[in-house]
Amino acid sequence: QLQLVESGGGLVQPGGSLRLSCAASGFTLDYYTIGWFRQAPGKEREGVSCISSHDGRKYYEDSVKGRFTISRDNAKNTVYLQMNSLKPEDTAVYYCAAGNFYYSGAWGRAPRAGEYVYWGQGTQVFVSS
């Protein structure tokens with residue numbers, strides 16, 4: 001069964017850090033572009049970051065540049081999202097997704113949600129004092 005499972009969410013104070021994990025089963029993550037999305041209450045789902053298949057090219061949405069880092073551990077078949085300097089506006093449910101395409105970084109845009117094939121169930125991140 002093809003599955004993505006996110007973990008690592010929780011409650012953190014502003015300025016704190018969390019590391020989200022996206023573990024795959026039933027397929028090899030390195031063959032897919034992996035994206036992280038988030039959805040806050042009453043808002044549309046937005047792309048946060050992605051890492052391309054094979055060569056690991058990375059994309060970050062402007063509001064998280066310099067604070068979030070995406071990485072892949074092929075041995076563990078897991079992609080991570082390290083989130084530092086968290087802000088209340090980072091509060092959302094975070095989802096990882098896998099797409100069977102190569103993101104070159106030259107698209108002029110980030111991959112869209114509809115271009116991903118597999119989705120996890122989400123993990124809640126809540127940033128509050």
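Note: hydrogens, waters and symmetry copies are ignored here, and every other heavy atom, side chains too, is used.
- In the hydrophobic cluster analysis, where Ile, Leu, Val, Met, Phe, Trp and Tyr join through side-chain heavy atoms closer than 4.5 angstrom, F37 is grouped apart from Y32.
- Within 6.0 Å of CD on E44 lie no more than 12 heavy atoms contributed by other residues, nucleotides or ligands.
- A donor-acceptor pair under 3.5 Å links the side-chain atoms of S104 to the main chain of A106, judged by distance alone.
- Contact check for M83 versus R67: no side-chain heavy atoms found under the 4.5 Å cut-off.
- In this structure, the side chains of S17 and N84 come closer than 4.5 Å at one or more pairs of heavy atoms.
- Using a 4.5 Å cut-off on side-chain heavy atoms (C-beta onward), L20 and V125 make contact.
- Applying the ring-ring contact (aromatic ring centres under 6.0 Å, His included) test to every pair with at least one member in residues 39-91, sequence neighbours left out, gives these pairs: Y31-H54.
- Using modelled atom types, one side-chain atom of T33 and one backbone atom of S53 make a donor-acceptor pair closer than 3.5 Å.
- Counting all heavy atoms, side chain and backbone alike, I34 lies closest to A98 at CD1-CB, 3.6 Å.
- Using bins of under 30°, 30° to 60° and over 60° for the plane-to-plane angle, the ring pair W107/F101 lands in the tilted bin.
- V117 is connected to W36 through a chain of hydrophobic side-chain contacts under 4.5 Å among Ile, Leu, Val, Met, Phe, Trp and Tyr, so both are in one cluster.
- Not counting sequence neighbours, the partners of V12 by the side chain to side chain contact (heavy atoms under 4.5 Å, CB included) test are L18, L86, V127.
- Applying the salt bridge (Lys or Arg N to Asp or Glu O under 4.0 Å) test to E115 and every residue at least two apart in sequence or in another chain returns R109.
- Rounding to the nearest 0.5 Å gives a distance of 7.0 Å between CZ of F27 and CG of N77.
- Residues P111 and Y116 come closest through the heavy atom pair CB-OH, 3.4 Å.
- R57 meets the side chain to side chain contact (heavy atoms under 4.5 Å, CB included) test with S52, D55, Y102; sequence neighbours excluded.
- In this structure, T91 and Q124 have side chains that are in contact, with non-hydrogen atoms separated by less than 4.5 Å.
- Residues R72 and V79 share a closest heavy-atom pair of CG-CG2, 3.9 Å.
- Nearest heavy atoms, A92 versus A40: CB-N, 3.8 Å.
- Taking all atoms of both residues into account, the shortest heavy-atom contact from R38 to S63 is NH2-OG, 3.3 Å.
- In this structure, SG on C96 lies 9.5 Å from CD1 on I70, to the nearest 0.5 angstrom.
- Cluster annotation: L29 and L2 are assigned to the same hydrophobic cluster (Ile/Leu/Val/Met/Phe/Trp/Tyr, side-chain heavy-atom contacts under 4.5 Å, transitive).
- At least one side-chain heavy atom of L81 sits under 4.5 Å from a side-chain heavy atom of S49.
- For the pair Q121 (side chain) and E6 (backbone), a donor-acceptor distance under 3.5 Å is present.
- By the 4.5 Å heavy-atom criterion applied to side chains, Y95 and L4 are not counted as neighbours.
- The salt bridge (Lys or Arg N to Asp or Glu O under 4.0 Å) test applied to K65 returns D62, not counting sequence neighbours.
- The two atoms that bring V48 and V64 nearest to each other are O-CG2, 3.7 Å, heavy atoms only.
- The ring-ring contact (aromatic ring centres under 6.0 Å, His included) contacts involving residues 4-26 comprise nothing, where partners must be two or more places apart or lie in separate chains.
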